Amino acid sequence: MEETKNINETQENQVNPETPEAPENPESPENPETQESPESPEERIAALEKEVAAHKDAYLRLMAEFDNYRKNTAKDKQALLKYGGEGVLKELLPVIDDFERGLASLGTSDDLEGVKQGVELIYQKFTGFLAKNKVTEIPAAAGDDFDDTLHEAITTFPAPTPDLKGKIIDCPTKGYKLDDKVIRFAKVVVGA
């Protein structure tokens, strides 16, 4: 019997994990959330109005910064569209200078072979400029298959041989691509 009494006393002294601990006194000074503020309602309203004004000011400043960013971006985009080709055109100016020198020498030179070589050099310089800027010629030789993604048929002509039917017979105007984009279709005559 004494054992049962000791067990009961031990159980009463132990904390039961299922029973919740006594809640803290909500009015106690350890719980700052429920403490009454020493401010009056008018002071609290004034503080909140001041906080709202600060948030409004920050919002207006952010909106002004975004508007300036938008305007600067639009101005930069417009300048890029207007002057975007400047670098390419600067590289083209030496070729134009060579053409002008060649034209000036046409009137004074009696050496037809020298003029031909000069024109060929200018042509090579110009094609090198195009290659440097990733402009490539679209192949369109007689006998090639007609491809409507690369070629533009300007007319059809009776095919001189049956194997040229539906194929390119002639290419009066070359076509060009910039990287993989066609910037001018090759104008071709197709055999019918």
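Values reported hereafter were calculated over all heavy atoms of this structure, with side chains retained and with hydrogens, waters and symmetry mates removed. Owing to the predicted nature of the structure, the values given are computational and were not obtained by experimental measurement.
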Discussion item. To the closest 0.5 Å, what do you measure between CZ (Phe185) and OH (Tyr176)?
Written reply: 15.5 Å
Worksheet entry | Hphob cluster co-occupancy, Leu48 + Ile45, side-chain heavy atoms under 4.5 angstrom | no
Worksheet entry | For Pro139, side-chain contact (heavy atoms from CB on, under 4.5 Å) partners two or more places apart | none
Fill in: Set of residues satisfying salt bridge (Lys or Arg N to Asp or Glu O under 4.0 Å) with respect to Glu120, sequence neighbours excluded
none
Worksheet entry | Remaining members of the apolar cluster that contains Ile168, side-chain heavy atoms under 4.5 Å | Phe146, Val188, Val190
Practice prompt. Can you see which heavy atom on Ile169 is nearest to which on Gly191, and at what distance?
Written response: CD1-CA, 3.2 Å
Fill in: Separation of Leu60 CG from His55 NE2 (nearest 0.5 Å)
13.0 Å
Response to the item:
Sorted by chain and number, sequence neighbours left out, side-chain contact (heavy atoms from CB on, under 4.5 Å) with Lys177 holds for Thr136, Ile138, Leu150, Val182
Item to complete: Could you work out the complete set of other residues in the hydrophobic cluster of Leu164, with links drawn between I, L, V, M, F, W and Y side chains under 4.5 Å apart?
Response: none
Worksheet entry | Sequence-distant partners of Leu130, side-chain contact (heavy atoms from CB on, under 4.5 Å), two or more places apart | Phe126, Val135
Worksheet item: Residues two or more places apart in sequence or in another chain: which of them pass salt bridge (Lys or Arg N to Asp or Glu O under 4.0 Å) with Lys125?
Response: Asp98
Worksheet, complete the sentence: In terms of heavy-atom contacts, Glu91 and Pro94 come closest through O-CD, 3.3 Å
Discussion item. Show me the pairs that pass side-chain hydrogen bond (donor to acceptor under 3.5 Å, both in side chains) and involve residues 138-152, at least two apart or across chains.
Written reply: Asp145-Lys167, Asp147-Thr149, Glu152-Lys187
Discussion item. I need the Lys77 NZ to Leu80 CG distance, nearest 0.5 Å.
Written reply: 9.5 Å
Practice prompt. With sequence neighbours left out, write down each residue that passes side-chain contact (heavy atoms from CB on, under 4.5 Å) with Glu100, or none if nothing qualifies.
Written response: Ile96, Asp97
Item to complete: Could you pull out all residues at least two apart from Lys71 that satisfy salt bridge (Lys or Arg N to Asp or Glu O under 4.0 Å)?
Response: Asp67
Item to complete: Tell me whether Leu92 is reachable from Ile183 by hopping between hydrophobic residues (I, L, V, M, F, W, Y) whose side-chain heavy atoms are closer than 4.5 Å.
Response: yes
Worksheet item: In the hydrophobic clustering that connects Ile, Leu, Val, Met, Phe, Trp and Tyr at side-chain heavy-atom distances below 4.5 Å, which members other than Phe66 occupy its cluster, ordered by chain and number?
Response: Tyr69
Worksheet item: Who pairs with Lys90 by salt bridge (Lys or Arg N to Asp or Glu O under 4.0 Å), at least two apart in sequence or on another chain?
Response: Glu86
Fill in: Spacing of NZ belonging to Lys181 relative to CG belonging to Asp179, to within rounding of 0.5 Å
10.5 Å
Item to complete: Measure the spacing between NZ of Lys56 and CD of Glu49 and express it to the nearest 0.5 Å.
Response: 12.0 Å
Worksheet entry | Nearest atoms (heavy-atom pairs only) where Ala140 meets Cys171 | O-CB, 3.2 Å
Worksheet item: Would you say Gln117's side chain and Gly114's backbone share a donor-acceptor pair under 3.5 angstrom?
Response: no
Worksheet entry | Transitive ILVMFWY side-chain link Leu121 to Val95, under 4.5 Å | no
Item to complete: Please confirm whether the backbone N or O of Lys174 pairs with a side-chain atom of Arg184, one donor and one acceptor, at under 3.5 Å?
Response: yes
